[in-house]
Amino acid sequence: MYYVFILGTAGSGKTTMTKNLQDYLLDQEMDTAIINLDPAVEHLPYTPDFDVRDYVDAYEVMDNYQLGPNSALIASIDLILTRASEIKSDIDQIEANYVLIDTPGQIELFAYRETGRLISKLIRGNNKALGLFLFDSFLAKEARSFVSLLLLSSSIKFRLELPIINVLNKVDLLTDKELEQILGWGESAENLIDELGKVDEYSLELINLLIESLSSNLIPVSSEKGSGFDELYAEIQRVLAGGEDYL
Ligand code: GTP
């Protein structure tokens, strides 16, 4: 059983990717289950096999504890851990080749809080797992935002101790020229630095390190239009076969 965590900034397309990746994997005759870990999501386009809202619902937490939306989300993520053993026994009932995990909209609440890290470990147990980190094309087409997304992806890899595949999502919103440019930035620090213009010594070193440490190229997909999934699936298989070497 393989666990695939779908990660990314708010609105980067995690839920759409979860649904369409499931459809794609089912077409490949892979048994696939979905875990929804977002306690604040209102509508899901798929039927989850496990839904964290059955245990903790951010809107109920908001009402019950008189909290604002952000505090309610933080409290909800932390409350999930108080139900850990029930959640684990539910999740252990799931049988599938691939389990896709749709993570909360606010990535920092999930990845940067100890609770998120513990829940992700609890879910995957000793099984092989990886994360898909979605770059929203709308943000990634600006060079400085692209570097910020690379940093976010690296810090999440460190926090969650998961191999990460960087996925450029929503490529249907890009022109061919924009797509080529973004992919070029991912391949060479020089391309990125050319675009940024003058950068200080610290940024130069940081960018070189970030690009050098990428274990694979950015995978361009449109989760809405269903393009790029063959390449993405091949990369998922490559990373899972490589195991810890890709950490
Ligand atoms: P939160 O959990 O609320 O942060 O969002 P999310 O990351 O789960 O993103 P979601 O799948 O809800 O998508 C956000 C918006 O982006 C929706 O309007 C989607 O229709 C749109 N979207 C997602 N994927 C794509 C894509 O590949 N192309 C385009 N054009 N839009 C997309």
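Reckoned from all heavy atoms, side chains included, excluding hydrogens, waters and symmetry mates. Whatever order the structure lists them in is the order used to number ligands and atoms, beginning at 1.
In terms of protein heavy-atom proximity, atom 2 (O) of ligand 1 is closest to Gly105 CA, 3.4 Å. In terms of protein heavy-atom proximity, atom 6 (P) of ligand 1 is nearest to Lys14 N, 3.4 Å. In terms of protein heavy-atom proximity, atom 12 (O) of ligand 1 is closest to Thr15 CB, 4.2 Å. Of all protein heavy atoms, the one closest to atom 23 (C) of ligand 1 is Thr16 OG1, 3.5 Å.
Interatomic distance, Arg159 CZ to Leu152 CG, rounded to the nearest 0.5 Å: 12.5 Å. Separation of atoms OG1 (Thr9) and NZ (Lys14) is listed at 6.0 Å; rounding is to 0.5 Å. Here the CZ-OG distance, from Phe110 to Ser120, works out to 5.0 Å after rounding to the nearest 0.5 Å.
Checked by atom type and distance alone, the side chain of Asn97 pairs as donor or acceptor with a backbone atom of Asp31 at under 3.5 Å. Panel note: side chain Gln66, backbone Asp63; a donor-acceptor pair is recorded below 3.5 Å. When atom types are taken as modelled, the side chain of Ser76 and the backbone of Ala72 share a donor-acceptor pair closer than 3.5 angstrom.
Residue-to-ligand polar distances keep Thr103 apart from ligand 1: every N/O pair is separated by 3.5 Å or more. Close N/O approach between Leu173 and ligand 1 is not found [any backbone or side-chain N/O within under 3.5 Å]. Residue Ser223 has at least one nitrogen or oxygen atom sitting less than 3.5 Å from a nitrogen or oxygen atom of ligand 1, judged on distance alone. For ligand 1, the polar-atom distance check finds no N/O of Lys225 at less than 3.5 Å from any of the ligand's N/O atoms.
Heavy-atom neighbours of Asp27 CG from other residues, nucleotides or ligands within 6.0 Å: above the threshold of 12.
Those atoms of ligand 1 with a heavy atom of Ala10 less than 4.0 angstrom away are 4 (O).
Using a cutoff of 4.0 Å between basic side-chain nitrogens and carboxylate oxygens, Glu231 and Arg238 are not scored as salt-bridged. Ion pairing of Arg113 with Glu108 is absent here, as no side-chain N (NZ or NE/NH1/NH2) approaches a carboxylate O to less than 4.0 Å.
Within the 4.0 Å cut-off (strictly below), no protein heavy atom is located near atom 17 (C) of ligand 1. For atom 27 (O) of ligand 1, a protein non-hydrogen atom is found at a distance below 4.0 Å.
Two rings, from Phe133 and Phe135, have their centers less than 6.0 Å apart.
Only the side chain of Asp172 comes within 4.0 Å of ligand 1, counting heavy atoms alone; its backbone N, CA, C and O stay farther away. The part of Asn169 lying near ligand 1 is the side chain, judged by heavy-atom distances below 4.0 Å.
In this structure, Gly11 has a heavy atom closer than 4.0 Å to ligand 1.
Closest heavy-atom approach to atom 15 (C) of ligand 1 among the candidates Lys170, Glu224, Lys19: Lys170.
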